[in-house]
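Whatever order the structure lists ligands and atoms in, that order sets their numbers, starting from 1. Side-chain atoms are counted along with the backbone in the values below, which use heavy atoms only and exclude waters and symmetry mates.
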Amino acid sequence: MQTNLKKSTLYNGDIINGVPVITQLNLDDLVAGKIYRFMFKGADMNIGQSWYVPVIIAKGVNAGAKLLLNTGIHGDELNGSRVIQQLFATLDPNQLSGTIMGVLQACPNSLMHISKNWYLSTDGGDYVNMNRTFPGKLDGDSAHQHAYLLWNNLWLNNVDYAIDLHSQSTDTIYPLFVFADYRNPICQRMAELIPADQIKNDEGEKGTLETTFIEHNIPAITIELGAARIYQSDYIARSIEGIHNILIEFRITQGECEHNAHKHTSFVGNEMLSIRAKVGGYAEILVQLGDEVSAEQIVARQLNPFGDIICQYTSPIAGKVLSLGTGATREAGGLLVRILFNK
Ligand SMILES: [Zn+2]
């Protein structure tokens, strides 16, 4: 029986927009010193066609570490695609010792809908947060099957280190922010090579890509770049700087690390607290990203349709503003302000 270790790259013979389709990848099958483009065949749709994931791979002329740069797990989070595109535009595989894999649209179903969630057509429709599905299930619904195919046929045995690029969800914003599990010193090192605004030392969550990699002894971090749906050039540029530092750290490229978390005076916290709407209504946020707030400071309020204040929100703790709700209307449960702090 074939084991994962023996998996070879499989081309099914299809070509999409000039790019060959693969159903399975083994980086050892690729020629060194080249950049490859593939369409990876993911789960099938109800109409009997398939979802395809664009993958770009720079295989260095010399052997070395294998780094995954992934984005598109959530379909409304787009800054990460520009990070991977811009980084690959400058890579010369003849200068690399190791391999970099860029996965540009991990969940094309969610990206097509510009939605955080994968849409299931079964029984009139349902939604799945793909960042709770890894390592997936072959006998699951299309979302879990897609996660299974990515995990087993694209990533497993092809990745030594992973970076998953996200942003905040629609109607909310982060600065440039990193989730990293500091129990793993390599994850801490990776996080602190990025000139982010804020870092959360975070134990992760079951089913996320980051935590699933760590469970398989592959160091991984999540970078959150700002807001959903848009490109933000400052966050994109600083993420690329950080990834260059990580490439140097893992000896995939050579150079000097110039701008990291320390030099950017990134704030590192180990706890976060979300202040969420208790009622429905218009929301006014009274703080900015990165503001220092004190305990009992009023940070947001909600108004009824006539403009009367119906609810006022104070921060129960002192800390730094990590995230804001930017949607002017909020219903109960909607994020208003998230505070990062140290306990
Ligand atoms: Zn996300």
**Report entry** Side-chain (Glu249) to main-chain (Cys257) donor-acceptor, under 3.5 angstrom
**Finding:** no
Report task. Identify, by name, the N, O or S atom of His166 lying closest to the Zn ion (ligand 1). Result -> ND1
Query raised in the report: What atom name does the N, O or S atom of His74 nearest to the Zn ion (ligand 1) carry?
Result: ND1
**Report entry** Quiz item: cation-pi between Lys343 and Phe341, 6.0 Å / 45°
**Finding:** no
Query - No-hydrogen, no-angle side-chain donor-acceptor test under 3.5 Å, Ser97 and Arg251 - result: no
Report task. Decide whether Thr211 and Thr208 meet the rule of one side-chain donor and one side-chain acceptor closer than 3.5 Å. Result -> yes
Query raised in the report: Near the Zn ion (ligand 1), is there an N/O/S atom from Glu77 that is less than 2.8 Å away?
Result: yes
